[in-house]
Amino acid sequence: MEDLIKENCIDNNCTPRLLLHSCCGPCSTYCIQTLSEYFKVTVFYYNPNITDAAEYEKRKAEEKRLIAEYNSQADEGKHIDILEAPYDPESFLAMAKGIEDAPEGGERCMACYALRLGKTAEAAYKCGFDYFTTTLTISPLKSAAKLNKAGETAEEHVLTEHPESHLKFLHSDFKKKDGYKSSILLSNKFICFHSVK
(Lines give C-alpha, C1' and ligand atoms only; values in the text may rest on other atoms or scores of the structure.)
Protein backbone atom coordinates (compact mmCIF):
# COMPACT_ATOMS: atom_id res chain seq x y z
CA MET A 1 0.00 0.00 0.00
CA GLU A 2 2.73 2.46 0.95
CA ASP A 3 4.66 1.84 -2.30
CA LEU A 4 1.53 2.41 -4.37
CA ILE A 5 0.74 5.61 -2.47
CA LYS A 6 4.30 6.85 -2.94
CA GLU A 7 4.27 6.08 -6.65
CA ASN A 8 0.81 7.40 -7.48
CA CYS A 9 0.04 10.08 -4.92
CA ILE A 10 3.11 11.63 -3.36
CA ASP A 11 5.43 11.63 -6.37
CA ASN A 12 2.70 12.82 -8.74
CA ASN A 13 1.40 15.49 -6.37
CA CYS A 14 -2.23 14.45 -6.86
CA THR A 15 -5.21 13.54 -4.72
CA PRO A 16 -6.91 10.48 -6.23
CA ARG A 17 -10.40 9.48 -5.17
CA LEU A 18 -10.78 6.29 -3.12
CA LEU A 19 -13.90 4.34 -2.19
CA LEU A 20 -13.39 2.69 1.20
CA HIS A 21 -15.67 -0.24 1.97
CA SER A 22 -16.39 -0.06 5.70
CA CYS A 23 -17.76 -2.79 7.93
CA CYS A 24 -18.41 -0.42 10.85
CA GLY A 25 -17.51 2.93 12.38
CA PRO A 26 -14.86 1.76 14.86
CA CYS A 27 -12.92 -0.17 12.20
CA SER A 28 -13.00 2.78 9.82
CA THR A 29 -11.40 5.29 12.23
CA TYR A 30 -7.74 4.45 11.67
CA CYS A 31 -8.30 3.62 7.99
CA ILE A 32 -9.92 7.01 7.35
CA GLN A 33 -7.20 8.85 9.23
CA THR A 34 -4.44 7.06 7.30
CA LEU A 35 -5.98 7.21 3.84
CA SER A 36 -7.22 10.81 4.00
CA GLU A 37 -3.59 11.95 4.03
CA TYR A 38 -3.27 10.79 0.41
CA PHE A 39 -6.76 10.31 -1.01
CA LYS A 40 -10.13 12.01 -1.23
CA VAL A 41 -11.98 9.30 0.72
CA THR A 42 -15.60 8.26 0.45
CA VAL A 43 -16.82 5.53 2.78
CA PHE A 44 -18.97 2.86 1.14
CA TYR A 45 -21.37 1.25 3.59
CA TYR A 46 -22.40 -2.13 2.19
CA ASN A 47 -22.81 -4.99 4.65
CA PRO A 48 -25.54 -7.44 3.64
CA ASN A 49 -24.05 -9.99 6.06
CA ILE A 50 -25.79 -8.10 8.91
CA THR A 51 -29.13 -9.81 8.55
CA ASP A 52 -30.85 -8.12 11.50
CA ALA A 53 -32.31 -4.89 10.07
CA ALA A 54 -32.28 -2.99 13.39
CA GLU A 55 -28.62 -3.86 13.97
CA TYR A 56 -27.78 -2.84 10.42
CA GLU A 57 -29.41 0.57 10.86
CA LYS A 58 -27.71 1.05 14.23
CA ARG A 59 -24.28 0.36 12.72
CA LYS A 60 -24.94 2.56 9.71
CA ALA A 61 -26.07 5.43 11.95
CA GLU A 62 -22.90 5.07 14.03
CA GLU A 63 -20.76 5.14 10.88
CA LYS A 64 -22.46 8.35 9.78
CA ARG A 65 -22.09 9.89 13.24
CA LEU A 66 -18.41 9.06 13.36
CA ILE A 67 -17.81 10.57 9.91
CA ALA A 68 -19.63 13.74 10.98
CA GLU A 69 -17.46 13.95 14.12
CA TYR A 70 -14.32 13.34 12.07
CA ASN A 71 -15.29 16.04 9.56
CA SER A 72 -15.95 18.53 12.35
CA GLN A 73 -12.29 18.20 13.39
CA ALA A 74 -10.63 17.71 9.98
CA ASP A 75 -9.31 20.27 7.54
CA GLU A 76 -11.89 21.04 4.86
CA GLY A 77 -9.85 19.32 2.13
CA LYS A 78 -9.82 16.09 4.12
CA HIS A 79 -13.55 15.76 4.75
CA ILE A 80 -14.98 12.27 4.28
CA ASP A 81 -18.12 11.54 2.28
CA ILE A 82 -20.35 8.48 2.62
CA LEU A 83 -22.07 6.42 -0.03
CA GLU A 84 -24.79 4.13 1.29
CA ALA A 85 -25.67 0.98 -0.63
CA PRO A 86 -29.22 -0.35 -0.31
CA TYR A 87 -29.71 -2.85 2.50
CA ASP A 88 -29.54 -6.23 0.78
CA PRO A 89 -29.44 -9.22 3.17
CA GLU A 90 -31.03 -11.43 0.51
CA SER A 91 -27.78 -11.35 -1.49
CA PHE A 92 -25.81 -12.59 1.51
CA LEU A 93 -28.29 -15.31 2.37
CA ALA A 94 -28.33 -16.54 -1.24
CA MET A 95 -24.53 -16.52 -1.33
CA ALA A 96 -24.29 -18.43 1.98
CA LYS A 97 -26.81 -21.10 1.04
CA GLY A 98 -25.25 -24.52 1.56
CA ILE A 99 -22.18 -23.18 3.37
CA GLU A 100 -23.87 -21.83 6.51
CA ASP A 101 -21.84 -24.17 8.75
CA ALA A 102 -18.44 -23.36 7.23
CA PRO A 103 -15.89 -22.38 9.90
CA GLU A 104 -14.87 -18.77 10.51
CA GLY A 105 -12.28 -17.78 7.93
CA GLY A 106 -13.38 -20.52 5.55
CA GLU A 107 -15.44 -20.76 2.37
CA ARG A 108 -18.35 -18.63 3.59
CA CYS A 109 -16.03 -15.78 4.63
CA MET A 110 -14.25 -15.85 1.27
CA ALA A 111 -17.59 -15.70 -0.54
CA CYS A 112 -18.67 -12.82 1.68
CA TYR A 113 -15.44 -10.92 0.94
CA ALA A 114 -16.03 -11.48 -2.77
CA LEU A 115 -19.63 -10.24 -2.49
CA ARG A 116 -18.78 -7.07 -0.61
CA LEU A 117 -15.63 -6.17 -2.54
CA GLY A 118 -17.33 -6.97 -5.85
CA LYS A 119 -20.12 -4.54 -5.00
CA THR A 120 -17.55 -1.95 -3.87
CA ALA A 121 -15.63 -2.26 -7.13
CA GLU A 122 -18.84 -1.84 -9.14
CA ALA A 123 -19.79 1.27 -7.18
CA ALA A 124 -16.26 2.67 -7.51
CA TYR A 125 -16.36 2.23 -11.28
CA LYS A 126 -19.83 3.72 -11.67
CA CYS A 127 -18.95 6.75 -9.55
CA GLY A 128 -15.58 7.42 -11.18
CA PHE A 129 -13.24 6.54 -8.33
CA ASP A 130 -9.56 5.85 -8.94
CA TYR A 131 -9.12 3.26 -6.18
CA PHE A 132 -11.12 1.08 -3.81
CA THR A 133 -10.20 -0.87 -0.69
CA THR A 134 -11.71 -2.17 2.56
CA THR A 135 -11.42 -1.63 6.30
CA LEU A 136 -11.74 -5.39 6.86
CA THR A 137 -7.96 -5.90 6.88
CA ILE A 138 -7.73 -4.05 10.20
CA SER A 139 -9.25 -7.02 12.02
CA PRO A 140 -6.75 -9.38 13.66
CA LEU A 141 -9.28 -12.15 12.95
CA LYS A 142 -9.25 -11.66 9.18
CA SER A 143 -6.59 -12.58 6.64
CA ALA A 144 -5.32 -9.56 4.74
CA ALA A 145 -3.94 -11.90 2.06
CA LYS A 146 -7.40 -13.42 1.43
CA LEU A 147 -9.07 -10.00 1.44
CA ASN A 148 -6.48 -8.59 -0.95
CA LYS A 149 -7.01 -11.56 -3.26
CA ALA A 150 -10.76 -10.86 -3.25
CA GLY A 151 -10.01 -7.21 -4.04
CA GLU A 152 -7.75 -8.20 -6.94
CA THR A 153 -10.50 -10.44 -8.34
CA ALA A 154 -13.05 -7.63 -8.05
CA GLU A 155 -10.69 -5.26 -9.86
CA GLU A 156 -10.10 -7.82 -12.63
CA HIS A 157 -13.85 -8.27 -13.08
CA VAL A 158 -14.41 -4.53 -13.52
CA LEU A 159 -11.51 -4.24 -15.98
CA THR A 160 -12.83 -7.20 -17.98
CA GLU A 161 -16.32 -5.70 -18.13
CA HIS A 162 -15.04 -2.14 -18.69
CA PRO A 163 -11.65 -2.20 -20.47
CA GLU A 164 -11.53 1.60 -20.52
CA SER A 165 -11.50 1.74 -16.71
CA HIS A 166 -8.37 2.61 -14.75
CA LEU A 167 -9.84 1.51 -11.41
CA LYS A 168 -7.30 -0.08 -9.05
CA PHE A 169 -7.64 -2.06 -5.85
CA LEU A 170 -5.47 -0.68 -3.05
CA HIS A 171 -3.84 -3.57 -1.20
CA SER A 172 -3.77 -3.08 2.54
CA ASP A 173 -3.14 -4.62 5.91
CA PHE A 174 -4.37 -1.93 8.25
CA LYS A 175 -3.64 -3.98 11.36
CA LYS A 176 0.11 -3.50 10.76
CA LYS A 177 2.00 -0.77 12.62
CA ASP A 178 -0.47 -1.00 15.53
CA GLY A 179 -3.39 -0.11 13.25
CA TYR A 180 -5.89 -2.20 15.23
CA LYS A 181 -4.71 -0.69 18.52
CA SER A 182 -4.95 2.79 16.99
CA SER A 183 -8.51 2.09 15.81
CA ILE A 184 -9.51 1.25 19.40
CA LEU A 185 -7.91 4.44 20.74
CA LEU A 186 -9.55 6.56 18.02
CA SER A 187 -12.92 4.91 18.62
CA ASN A 188 -12.68 5.77 22.31
CA LYS A 189 -11.76 9.35 21.40
CA PHE A 190 -14.82 9.76 19.18
CA ILE A 191 -17.08 8.06 21.74
CA CYS A 192 -15.83 10.41 24.47
CA PHE A 193 -16.18 13.40 22.15
CA HIS A 194 -19.77 12.35 21.44
CA SER A 195 -20.63 11.83 25.10
CA VAL A 196 -19.59 15.33 26.21
CA LYS A 197 -21.48 17.20 23.48
Side-chain angles (χ1 to χ4, degrees), residues 1-2 18-35 41 43-67 82-124 131-158 168-188 190-191:
M1 180 175 84
E2 291 170 347
L18 179 141
L19 190 62
L20 174 65
H21 167 261
S22 177
C23 57
C24 65
C27 284
S28 67
T29 52
Y30 174 75
C31 304
I32 286 171
Q33 184 180 66
T34 301
L35 292 169
V41 178
V43 165
F44 183 57
Y45 194 80
Y46 175 67
N47 296 293
N49 56 308
I50 305 170
T51 55
D52 180 272
E55 179 67 17
Y56 181 89
E57 292 300 325
K58 180 179 175 183
R59 291 189 189 200
K60 183 173 71 172
E62 182 59 15
E63 180 78 63
K64 292 168 80 172
R65 185 197 68 76
L66 184 136
I67 289 171
I82 185 166
L83 177 61
E84 300 173 48
Y87 181 46
D88 184 26
E90 294 80 13
S91 291
F92 174 78
L93 294 171
M95 174 277 301
K97 191 171 184 180
I99 53 174
E100 295 91 345
D101 297 327
E104 181 70 25
E107 182 182 5
R108 188 183 67 244
C109 286
M110 286 302 298
C112 185
Y113 300 160
L115 175 66
R116 291 195 275 175
L117 285 170
K119 189 78 167 185
T120 305
E122 289 173 16
Y131 294 91
F132 71 100
T133 195
T134 180
T135 64
L136 291 170
T137 65
I138 202 163
S139 170
L141 302 176
K142 292 181 172 60
S143 165
K146 290 180 179 180
L147 284 158
N148 286 325
K149 181 62 180 169
E152 288 173 9
T153 301
E155 175 193 308
E156 289 167 10
H157 180 73
V158 166
K168 293 180 184 176
F169 173 69
L170 182 68
H171 289 75
S172 68
D173 190 348
F174 287 112
K175 65 180 136 307
K176 286 186 173 181
K177 298 184 179 179
D178 287 329
Y180 180 69
K181 180 180 177 182
S182 296
S183 73
I184 293 171
L185 294 173
L186 284 166
S187 295
N188 288 335
F190 283 109
I191 289 168

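Note: hydrogens, waters and symmetry copies are ignored here, and every other heavy atom, side chains too, is used.
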Residue list, salt bridge (Lys or Arg N to Asp or Glu O under 4.0 Å) with Glu57, at least two apart or on another chain
Lys60

Provide the closest heavy-atom pair for Lys175 versus Ile138 in the form atom of the first, atom of the second, distance.
CB-O, 3.4 Å

When rounded to the nearest 0.5 angstrom, what is the spacing between OG1 in Thr120 and CG in Leu20?
9.0 Å

Please collect all ring-ring contact (aromatic ring centres under 6.0 Å, His included) contacts where either partner lies in residues 133-154, sequence neighbours excluded, each pair once.
none

Quick check: do Tyr45 and Leu83 have side-chain heavy atoms less than 4.5 Å from each other?
no

Show the numbers, then the answer: is there a ring pair (Phe, Tyr, Trp, His ring centres under 6.0 Å) between Phe169 and Phe132?
CA-CA 5 Å; Phe169 173 69; Phe132 71 100; 5.2 Å; yes

Using only atom types and a distance under 3.5 Å, with no angle test, would you say the side chain of Thr135 pairs donor to acceptor with the backbone of Cys23?
yes

State which residues pass side-chain hydrogen bond (donor to acceptor under 3.5 Å, both in side chains) with Glu152; sequence neighbours excluded, sorted by chain then number.
His171

Assess the residue pair Leu170 and Leu35 against the criterion (side-chain contact (heavy atoms from CB on, under 4.5 Å)); give the C-alpha distance rounded to whole Å, side-chain angles, the decisive distance to 0.1 Å, and a yes or no.
CA-CA 10 Å; Leu170 182 68; Leu35 292 169; 3.7 Å; yes

Per-pair distances, 0.1 Å, donor-acceptor, side chain in residues 85-98, under 3.5 Å, sequence neighbours excluded:
{"unit_1": "Tyr87", "atom_1": "OH", "unit_2": "Ile50", "atom_2": "O", "d": "2.7"}
{"unit_1": "Tyr87", "atom_1": "OH", "unit_2": "Thr51", "atom_2": "O", "d": "3.2"}
{"unit_1": "Asp88", "atom_1": "OD1", "unit_2": "Ser91", "atom_2": "OG", "d": "3.2"}
{"unit_1": "Asp88", "atom_1": "OD2", "unit_2": "Ser91", "atom_2": "OG", "d": "2.3"}

Mind checking what makes side-chain contact (heavy atoms from CB on, under 4.5 Å) contact with Asp101, not counting sequence neighbours?
none

Counting only pairs under 3.5 Å, give me each side-chain donor-acceptor contact of residues 112-119, with atom names and distances, residues two or more places apart or in other chains.
{"unit_1": "Arg116", "atom_1": "NH1", "unit_2": "Asn47", "atom_2": "OD1", "d": "2.7"}
{"unit_1": "Arg116", "atom_1": "NH1", "unit_2": "Asn49", "atom_2": "OD1", "d": "3.4"}

Can you tell me if His21 and Thr134 form a side-chain donor-acceptor pair at under 3.5 Å?
yes

Any donor-acceptor pair under 3.5 Å from Thr34 side chain to Cys31 backbone:
no

Between Arg59 and Glu62, is any pair of side-chain heavy atoms under 4.5 Å apart?
no

For Arg108, enumerate each residue passing the salt bridge (Lys or Arg N to Asp or Glu O under 4.0 Å) test, keeping only those at least two apart in sequence or located in another chain.
none

Just by modelled atom types, is the Leu136 backbone N or O under 3.5 Å from a matching donor or acceptor in the Ser139 side chain?
no

Under the side-chain hydrogen bond (donor to acceptor under 3.5 Å, both in side chains) test, residues paired with Thr137 that sit two or more places apart:
Ser172

Rounded to the nearest 0.5 Å, what's the gap from OG1 on Thr133 to CD on Glu155? Could you check?
11.0 Å

Kindly write out the residues that satisfy side-chain hydrogen bond (donor to acceptor under 3.5 Å, both in side chains) with Ser22, not counting sequence neighbours, or none if the list is empty.
Glu63

With Lys64 via side-chain hydrogen bond (donor to acceptor under 3.5 Å, both in side chains) - residues at least two apart
Glu84

Looking only at heavy atoms, what is the nearest atom pair of Leu66 and Gly25, with distance?
CD1-O, 3.7 Å

Suppose we screen for salt bridge (Lys or Arg N to Asp or Glu O under 4.0 Å). Which residues come up paired with Lys146, at least two apart in sequence or across chains?
none

Closest heavy-atom contact between Cys109 and Gly105?
SG-N, 3.2 Å

Any residue meeting salt bridge (Lys or Arg N to Asp or Glu O under 4.0 Å) with Lys142, in chain and number order, not counting sequence neighbours
none

